[in-house]
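Taking it in order: structure first as structure tokens, then the write-up.
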Amino acid sequence: MELVIPVLLIAIALIGVITLAKAVRIVPQQRQDVVERLGKYKRTLNPGLNVLVPFVDAVRTKVDMREQVVSFPPQPVITSDNLVVSIDTVLYFKVVDSVRATYEISNFLQAIEQLTVTTLRNVIGSLDLERALTSRDQINRHLSGVLDETTGRWGIKVTRVELKAIEPPASIRDSMEKQMRAERDRRAAILNAEGHKQSQILTAEGEKQSAVLRADGDRQARILQAEGQAKAIKTVFDAIHQANPSQKVLAYQYLQALPQIANGTANKVWIVPAELTKALEGMGGALGGLSRMVGDEPAPEAAGSASEVEREAAEAAQAAAAAAQQIHDEVRVAEAQASGGKPHGLPAPEPVSPSSLLRDPADQRERG
């Protein structure tokens, strides 16, 4: 009897502890517990301390109200151009109604996965591979809209759907790499051609401007040269008019120019005619006529040096006559050697006197 009472007390205490544990329920933050009483939905326990009826109320499910991320395994999908690609998806969702998520569907996570796969196959099946690879945003929006509309009845909100990877077959990847390499080579060739074209254009523009500048410089140089020659001619002409040279001075200047003419590189052979005296007299007459056109009267300041000029002219005439006689003799000797002995051809020239070279052609005509 003494042992029964302590056992009963211990049993009553144990039942009290169990009853208290069943009656008191602490729910953490961002979680809701669905409570059933005798198998029927009774209420939802919010975060904090909650009291239940022991052995009558029971917690059916514990629902996490936070946003969750689920990564689905790769799924084979066929595109519109009959290519099989493997697509990985990532789903972001959250439970907004724990009661409907518990009673409207048995396993909402599996249902979301299967709905995502079927919707993805429908979307990808209407696109070719190239559009599928470049239209991820469009596919994500379409998947998110379909899943949100369907899962709304289950008390679930799909916030975001992302395609993590789209893997085409290995042969297609090789072809794509070759195509991309060819496209890059084409772009490089185009850029190279454009650069070469621009270089040629700039070179042509530079040559054009250089040619224009050179032509303009040559034109300016020719203009300046012509202006200089015109001024020089005008200065000489004015000087001649002011000095009023006589006929003898002009003949003297001509005789001084004869050695320079003979020293030219193009003058290889001189043919001296027999009538050298008459030729010189004709030249003197022409110069004399020119001097009369500009005025034959010497300037007063030049009268004092007339005798000296006549003396120098006489010496030059004697030198020219001697040179002409020597050239004529050499020509006769050359002809004699060519004909075999006897000289013939040119007649002997008349002796040339220095006074005849300086004689005024006008006086000769009067004497004639």
Side-chain angles (χ1 to χ4, degrees), residues 30-32 61 63-198:
Q30 292 296 331
R31 199 185 80 180
Q32 289 183 353
T61 55
V63 182
D64 192 347
M65 305 301 293
R66 295 174 297 179
E67 186 173 1
Q68 302 180 37
V69 182
V70 180
S71 178
F72 299 138
Q75 299 294 327
V77 181
I78 300 176
T79 61
S80 62
D81 50 356
N82 297 324
L83 292 176
V84 179
V85 294
S86 179
I87 300 179
D88 296 346
T89 56
V90 179
L91 181 66
Y92 297 83
F93 71 95
K94 65 183 298 185
V95 178
V96 294
D97 191 342
S98 59
V99 177
R100 286 190 295 174
T102 303
Y103 294 103
E104 294 292 335
I105 189 169
S106 60
N107 190 341
F108 63 86
L109 187 58
Q110 183 180 3
I112 292 174
E113 179 182 359
Q114 296 301 321
L115 181 61
T116 302
V117 171
T118 55
T119 306
L120 186 61
R121 287 178 178 176
N122 292 333
V123 174
I124 298 298
S126 61
L127 303 175
D128 56 9
L129 179 60
E130 186 174 358
R131 290 185 58 192
L133 293 174
T134 58
S135 303
R136 292 195 176 189
D137 292 338
Q138 180 181 356
I139 296 172
N140 293 337
R141 288 195 300 268
H142 187 77
L143 284 175
S144 179
V146 172
L147 292 175
D148 190 26
E149 181 182 359
T150 304
T151 58
R153 303 192 306 266
W154 305 336
I156 298 173
K157 174 67 176 177
V158 176
T159 57
R160 191 178 183 86
V161 181
E162 292 289 342
L163 298 181
K164 186 167 61 175
I166 300 177
E167 296 292 338
S171 60
I172 301 300
R173 289 198 300 269
D174 294 340
S175 299
M176 293 173 63
E177 291 178 359
K178 292 179 181 179
Q179 181 181 0
M180 183 60 65
R181 191 179 300 110
E183 180 67 20
R184 290 179 178 176
D185 293 341
R186 183 183 68 85
R187 292 179 181 177
I190 292 174
L191 292 177
N192 190 14
E194 288 290 337
H196 186 63
K197 174 184 175 183
Q198 293 295 331

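Worth saying up front: this structure is predicted, and the values here are computed from it rather than measured.
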query: For Gln110, does the CD atom have more than 12 heavy-atom neighbours from other residues, nucleotides or ligands under 6.0 Å away?
result: no

message: Just checking Arg184: does its CZ atom have more than 12 heavy atoms from other residues, nucleotides or ligands closer to it than 6.0 angstrom?
response: no

- prompt: Would Val70 and Ile112 count as a side-chain contact (heavy atoms from CB on, under 4.5 Å) if you check the C-alpha gap in whole Å, the side-chain angles of each, and the deciding distance to 0.1 Å?
  reply: CA-CA 10 Å; Val70 180; Ile112 292 174; over 6 Å; no

Quick one: are [X] and [Y] in side-chain contact, heavy atoms under 4.5 Å?
{"X": "Val90", "Y": "Val69", "value": "yes"}
{"X": "Leu143", "Y": "Leu163", "value": "yes"}
{"X": "Val161", "Y": "Leu120", "value": "no"}
{"X": "Glu167", "Y": "Pro74", "value": "no"}

Results of salt bridge (Lys or Arg N to Asp or Glu O under 4.0 Å) for Arg31 - residues two or more places apart only: Asp33

message: Pair Leu127, Ile139 - check side-chain contact (heavy atoms from CB on, under 4.5 Å), show working.
response: CA-CA 10 Å; Leu127 303 175; Ile139 296 172; 4.0 Å; yes

message: Run the side-chain contact (heavy atoms from CB on, under 4.5 Å) test on Leu147 and Phe93 for me, step by step, so that the C-alpha distance in whole Å, both residues' side-chain angles and the decisive distance to 0.1 Å come before the verdict.
response: CA-CA 10 Å; Leu147 292 175; Phe93 71 95; over 6 Å; no

[X] and [Y]: which non-hydrogen atoms are nearest, and at how many Å?
{"X": "Ile166", "Y": "Arg136", "answer": "N-NH2, 3.7 Å"}
{"X": "Leu91", "Y": "Thr116", "answer": "CD2-OG1, 4.4 Å"}
{"X": "Ser144", "Y": "Val158", "answer": "OG-O, 4.3 Å"}
{"X": "Arg100", "Y": "Gly152", "answer": "NH1-O, 3.5 Å"}
{"X": "Asp88", "Y": "Pro73", "answer": "OD1-C, 4.1 Å"}
{"X": "Ser98", "Y": "Met65", "answer": "CB-SD, 4.3 Å"}

task: Output every pair passing salt bridge (charged side-chain N to carboxylate O under 4.0 Å, His left out) with a member in residues 117-130, not counting sequence neighbours, ordered by first then second residue.
output: none

- prompt: Using a distance-only test with no angle check, is there a side-chain donor-acceptor pair under 3.5 angstrom linking Thr61 and Thr102?
  reply: yes

task: Please determine, by modelled atom types, if Asn140 and Glu162 share a side-chain donor-acceptor pair under 3.5 angstrom.
output: yes

Gap separating the [atom1] atom of [X] from the [atom2] atom of [Y], nearest 0.5 angstrom:
{"X": "Gln114", "Y": "Gln75", "atom1": "CD", "atom2": "CD", "value": "7.5 Å"}
{"X": "His142", "Y": "Gln138", "atom1": "NE2", "atom2": "CD", "value": "9.0 Å"}
{"X": "Thr151", "Y": "Ile105", "atom1": "OG1", "atom2": "CD1", "value": "9.5 Å"}
{"X": "Met180", "Y": "Asp185", "atom1": "CE", "atom2": "CG", "value": "11.5 Å"}
{"X": "Lys197", "Y": "Ile190", "atom1": "NZ", "atom2": "CD1", "value": "12.0 Å"}
{"X": "Arg131", "Y": "Ile124", "atom1": "CZ", "atom2": "CD1", "value": "10.5 Å"}

Using modelled atom types and a 3.5 Å cut-off, is there a donor and acceptor pairing between side-chain atoms of [X] and backbone atoms of [Y]?
{"X": "Thr159", "Y": "Tyr92", "result": "yes"}
{"X": "Ser135", "Y": "Ala132", "result": "no"}
{"X": "Asn82", "Y": "Ile78", "result": "no"}

task: Check step by step if side-chain contact (heavy atoms from CB on, under 4.5 Å) holds for Arg153 and Thr150.
output: CA-CA 6 Å; Arg153 303 192 306 266; Thr150 304; 4.0 Å; yes

